[in-house]
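Numbers restart at 1 for each chain; the letters A, B, ... are given by sequence-line order, proteins then strands. These numbers come from a predicted model, not from an experiment. Just so it is clear, the values below take in all heavy atoms, side chains as well, and ignore hydrogens, waters and symmetry mates.
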Number of protein chains: 4
Amino acid sequence: MSEKKFLPLTDLAIEVGAILEKDEDDDIDGIDLQIDTFENYKKTHIEVFTEEGEEIIGKPIGHYITIESEHLKENDPEIHKEIIEEVADCLKGLLPTHTGTLKVLVIGLGNRQATPDTLGPYVCDKVLVTRHLAEFVPDAIDESVCHLSSLAPGVMGLTGIETSEVVKGVCDHINPDCIIAIDALGARSASRINSTIQISNTGISPGAGIGNKRKKLNCETMGCPVIAIGVPTVVDAATLINDTMDTLIESMLAESINTEFYSMLRDLGDQEKYSLIREVITPTIGNLFVTPKDMDEVIMYLGNVIANAINIAVHPGITIDDVNKYRY
Amino acid sequence: MSEKKFLPLTDLAIEVGAILEKDEDDDIDGIDLQIDTFENYKKTHIEVFTEEGEEIIGKPIGHYITIESEHLKENDPEIHKEIIEEVADCLKGLLPTHTGTLKVLVIGLGNRQATPDTLGPYVCDKVLVTRHLAEFVPDAIDESVCHLSSLAPGVMGLTGIETSEVVKGVCDHINPDCIIAIDALGARSASRINSTIQISNTGISPGAGIGNKRKKLNCETMGCPVIAIGVPTVVDAATLINDTMDTLIESMLAESINTEFYSMLRDLGDQEKYSLIREVITPTIGNLFVTPKDMDEVIMYLGNVIANAINIAVHPGITIDDVNKYRY
Amino acid sequence: MSEKKFLPLTDLAIEVGAILEKDEDDDIDGIDLQIDTFENYKKTHIEVFTEEGEEIIGKPIGHYITIESEHLKENDPEIHKEIIEEVADCLKGLLPTHTGTLKVLVIGLGNRQATPDTLGPYVCDKVLVTRHLAEFVPDAIDESVCHLSSLAPGVMGLTGIETSEVVKGVCDHINPDCIIAIDALGARSASRINSTIQISNTGISPGAGIGNKRKKLNCETMGCPVIAIGVPTVVDAATLINDTMDTLIESMLAESINTEFYSMLRDLGDQEKYSLIREVITPTIGNLFVTPKDMDEVIMYLGNVIANAINIAVHPGITIDDVNKYRY
Amino acid sequence: MSEKKFLPLTDLAIEVGAILEKDEDDDIDGIDLQIDTFENYKKTHIEVFTEEGEEIIGKPIGHYITIESEHLKENDPEIHKEIIEEVADCLKGLLPTHTGTLKVLVIGLGNRQATPDTLGPYVCDKVLVTRHLAEFVPDAIDESVCHLSSLAPGVMGLTGIETSEVVKGVCDHINPDCIIAIDALGARSASRINSTIQISNTGISPGAGIGNKRKKLNCETMGCPVIAIGVPTVVDAATLINDTMDTLIESMLAESINTEFYSMLRDLGDQEKYSLIREVITPTIGNLFVTPKDMDEVIMYLGNVIANAINIAVHPGITIDDVNKYRY
């Protein structure tokens with residue numbers, strides 16, 4: 001997990017919305033924004049389709065979809081089913097069109113030994129793996145399944161190898177048509193933890209960096225489309241404090257307690273304020289992270305939603321009715 | 001774990017120290033304070049021995065010992081050995097004097113399913129359990145071991161039973177001479193996490209409360225002395241924010257940026273400020289906790305230190321040379 | 001788990017069946033046998049209702065129900081639902097009739113650290129615990145739930161305390177109307193592993209014995225009815241060898257290869273043969289056990305079936321439609 | 001784990017010994033056998049150094065070393081230290097001679113989800129990983145460490161990818177000087193379980209096979225020397241039964257109960273007898289495995305011995321005195 005790597009898609013959507021609002025014509029060249037609010041979740045779909053759009057938004061050409069639902073944190077199998085279908089539909093829309101059997105490589109990024117970072121490996125363990133059957137016992141499978149393989153490459157701090165090197169090495173040997181990479185992300189706000197699934201087809205940067213030469217997993221580096229699925233599962237201490245102070249100050253402001261302190265902090269600008277807080281807390285609590293108490297359970301909810309959505313999206317013969325088979 | 005239950009022994013020591021300093025005569029009736037600073041750890045021993053002392057200090061008559069060491073967080077077996085010997089000595093001093101074989105019941109408080117709360121159960125699994133041998137195969141053991149049993153009673157949220165009821169029920173049947181209860185605590189300050197072992201002979205209040213009728217484990221309720229060993233392993237989000245804001249404000253104060261905000265907060269008093277922060281953060285992040293990234297490993301260090309110290313303190317034939325046998 | 005403790009209910013049923021067959025009148029005084037074969041499982045219900053029946057069958061008066069299904073080993077949520085309903089019905093029939101809210105204590109026997117023995121503790125973690133709510137926040141619950149508490153008392157080898165002492169101690173404090181005790185059993189035959197759920201209302205003997213004074217959990221010792229739910233999850237090496245040799249010899253016999261070896265073994269009688277095998281293998285492999293490769297997964301299937309069945313049987317407001325909520 | 005893949009080094013040694021004995025001249029061209037018996041372990045070192053030797057022994061040119069000790073199964077840190085030093089010495093002798101910093105890739109074969117198969121991944125997690133530091137923060141390390149990376153590639157049944165493909169892919173990117181691959185093996189005899197460490201420099205065949213095209217990890221396939229470290233941790237049910245029947249029959253033979261059954265089995269030959277047993281047991285218990293009850297603990301002993309031995313062998317600055325740092 002990284003403090004930096006999150007795709008701030010929701011923020012992006014809000015930002016895009018703000019730009020759109022300002023713009024009287026209600027459209028930006030090269031960017032589409034669609035927001036759909038359902039009873040149990042909200043879907044935000046941004047498409048960047050021209051270089052002009054890229055420049056305005058600071059994101060490469062591609063699709064950026066966010067599914068938001070507080071129900072993701074709860075043990076609610078019925079609502080999870082709805083979200084699985086939505087995520088599966090989103091994935092289907094991003095998969096390469098293809099005649100014949102699709103070859104998919106699922107990559108579970110993250111560290112199996114740190115609970116909030118186990119989402120990726122957990123999904124790897126739950127998707128229906130078939131590639132070896134196709135190779136060694138072809139009679140055992142039919143056209144109801146694609147050729148799926150999965151790998152949890154570990155994190156560089158424990159392996160000594162950049163994740164992208166492991167994945168690239170495997171790709172070179174098995175030549176998938178498409179990679180689906182799952183990762184737990186650092187949230188930009190405590191309120192987003194475990195309630196957002198972010199999907200894009202422009203790749204992902206695995207892991208927190210020692211140094212800053214981390215290589216992205218994307219079409220260019222891997223040689224095939226990379227669909228990224230991310231869920232914010234932790235927030236760092238500095239972000240938490242930052243958010244809380246904002247709320248605190250705002251509530252005081254509302255009560256007309258204007259203060260030099262407030263003015264000073266506001267003048268700093270968001271990034272400077274965050275940096276100030278990080279600097280203050282680093283020596284003591286630099287290695288602390290903030291996570292919900294019931295994280296183990298919620299990882300299972302999220303992992304089951306994502307694994308089922310992948311199974312339905314990539315295997316022609318698996319449907320929403322099979323959902324309980326891939327929950328354990 | 002509870003936000004409230006920690007024995008703020010270090011704070012107590014500081015407080016007592018402050019009172020002692022003010023008091024020219026350098027002594028308070030009924031209270032003894034001894035601080036020993038060693039190369040690798042610091043030991044603070046407060047004894048309250050009269051009712052007068054009880055009243056001044058707000059703590060029942062008894063011993064309150066704190067071992068502080070940053071090395072507890074690190075994989076340093078040699079320094080851990082030193083601390084094991086110190087903790088074992090402290091425990092020996094608190095065990096009931098006894099002729100014949102001691103009957104000890106080790107209680108591991110906490111929830112096996114939440115990493116920072118697994119310390120108690122972990123210690124239960126590591127101490128050398130012998131009571132059943134004494135009963136069923138007496139020839140298998142000799143006087144080198146006492147009669148030790150251990151129990152991890154779970155937490156009320158998962159069992160539906162107050163921890164004290166479980167322990168009392170078991171005590172009634174096995175009649176130990178002494179209980180040693182281990183628990184992970186909520187820290188009052190992020191800097192204390194995993195670096196402090198607190199020992200007292202005045203009992204412990206298990207777990208966080210739904211309601212406030214939680215019963216203490218102590219000599220009165222259990223019918224035998226209760227030695228408590230506690231280690232702060234988490235800090236709640238409000239405490240973390242509170243601490244950081246204090247540091248932030250102080251650093252601004254140092255730069256002569258006096259502010260209304262600061263004045264306002266200072267005027268609130270510590271408890272009010274904490275409550276204000278709690279109130280602000282509750283809706284969003286009420287169920288978040290703050291814990292180090294390497295918690296799984298550190299629990300092992302702490303658990304091994306405590307389990308070894310107990311083994312050495314209670315079993316006559318186990319010495320510091322056996323320390324590696326009880327590390328796994 | 002014990003090599004000896006299993007309730008050989010299926011064997012009992014077969015035995016009873018054999019006796020019934022021999023008996024022209026097709027009934028035994030004091031014993032009822034009912035076998036129902038469904039598409040996906042088989043249910044055998046023996047009732048012993050007189051002392052005469054007790055003597056013939058060597059089992060105390062009570063109900064002995066066995067649900068057998070190979071599907072218990074498979075990830076088949078639909079069939080599991082059928083079995084859950086059947087087990088829930090069986091349990092309902094054995095619960096004390098009661099006006100007002102039932103107080104149930106679920107006991108999860110077994111060792112959390114040995115996979116095939118984790119069934120009991122797993123069920124404890126999955127049942128809906130409510131007793132503490134009734135006590136501390138009565139407004140939070142209504143008549144849709146009974147007062148359920150749960151405890152995993154550990155195994156004597158790790159706690160030094162007889163399981164019955166722990167349970168009795170807790171019972172004395174919380175006075176349940178009924179205990180439901182779950183345990184993983186040693187199977188008498190490899191083919192029974194993980195495919196049989198045994199239910200009786202005559203209690204259970206926890207754990208493997210050092211010595212032979214192990215106390216039963218039953219109405220007499222606990223002061224309330226004890227419903228036992230057991231699943232054979234391992235077979236000891238000697239049993240496995242015994243079974244295999246029988247099969248081997250029979251297959252040779254079928255091919256008319258009568259042998260002295262065979263004759264000798266047959267002459268020994270079952271118990272002697274088993275003892276001979278145990279004697280031969282003990283030095284080398286006495287501590288080996290035999291278990292399926294996918295045990296972790298199967299424990300989840302079994303645990304979810306049993307936990308759901310208990311929830312439905314004891315909580316008036318929980319039905320088969322809630323089954324997916326208690327699967328994680 | 002595989003029933004077939006074990007390097008039957010001990011058997012080989014016995015065989016070679018037998019050949020040597022027959023041969024009056026006491027030497028075989030192209031094969032060296034050295035057996036050293038120490039107080040706490042036994043070391044057998046076979047070197048095949050000519051093609052003639054290859055042919056006689058049926059093994060490629062290389063070194064085959066076995067360390068045998070019942071103490072590996074026990075919690076005996078002092079004896080483990082001795083074995084660590086011996087294994088480290090063996091490894092040093094097999095590492096490529098090299099000027100400059102060695103680049104080592106540790107491969108932990110096996111399935112993280114099946115206890116007896118976790119040895120490889122466990123070792124991966126315990127060795128001191130440094131390669132990423134060398135790349136990203138070269139100032140953080142010095143010549144006291146080599147460049148070590150580690151990878152647990154999973155098993156084909158869960159990933160859909162042949163292990164050799166994953167390892168080859170990674171090798172192509174990071175170009176190690178040497179691979180050290182650790183795997184849990186299937187034992188040929190129950191008595192060998194967990195008491196033997198096998199080391200060779202001729203590679204290893206990962207995993208049990210669906211199909212039989214499994215590719216070896218060796219110098220030829222990987223492009224660098226592959227040192228294999230294997231420990232037998234399970235025995236399959238058929239082997240167990242086979243061994244026991246042998247013992248049983250021998251004991252009867254000793255009592256002069258010669259039997260047709262015995263004669264028949266003897267006449268079958270070892271492989272046929274084993275096949276017969278497998279055939280008989282397959283339907284019911286084909287997926288059972290036999291493993292010691294305390295496997296979780298023993299995996300830690302073995303894993304710590306091997307990880308420490310690797311650390312000492314490859315990192316110039318790590319010595320036997322650091323052994324407790326890499327035990328957790």
Task: H173(B) side chain near I161(C) side chain, heavy-atom distance below 4.5 Å - done: no

Open item on the list: Applying the side-chain contact (heavy atoms from CB on, under 4.5 Å) criterion to M156(B), which one of R131(C), E135(C), H132(C) satisfies it?
Closed with: H132(C)

Open item on the list: Taking every non-hydrogen pair under 4.5 Å, which of V166(C), L148(C), T159(C) racks up the most with chain B?
Closed with: T159(C)

- [ ] Output, in order, the C-alpha distance, side-chain angles, deciding distance and verdict of side chain to side chain contact (heavy atoms under 4.5 Å, CB included) for D172(C) and D172(B).
- [x] CA-CA 10 Å; D172(C) 288 350; D172(B) 288 351; over 6 Å; no

Task: Pick from T130(B), V127(B), L105(B), D125(B) with the largest number of heavy-atom pairs that fall under 4.5 Å of chain C - done: D125(B)

Task: Heavy-atom contact with chain B under 4.5 Å, split by part of I174(C) - done: side chain

- [ ] Provide the full list of side chain to side chain donor-acceptor pair (under 3.5 Å) pairs with a residue in residues 143-158 of chain C, sequence neighbours left out, each pair given once.
- [x] D142(C)-S144(C)

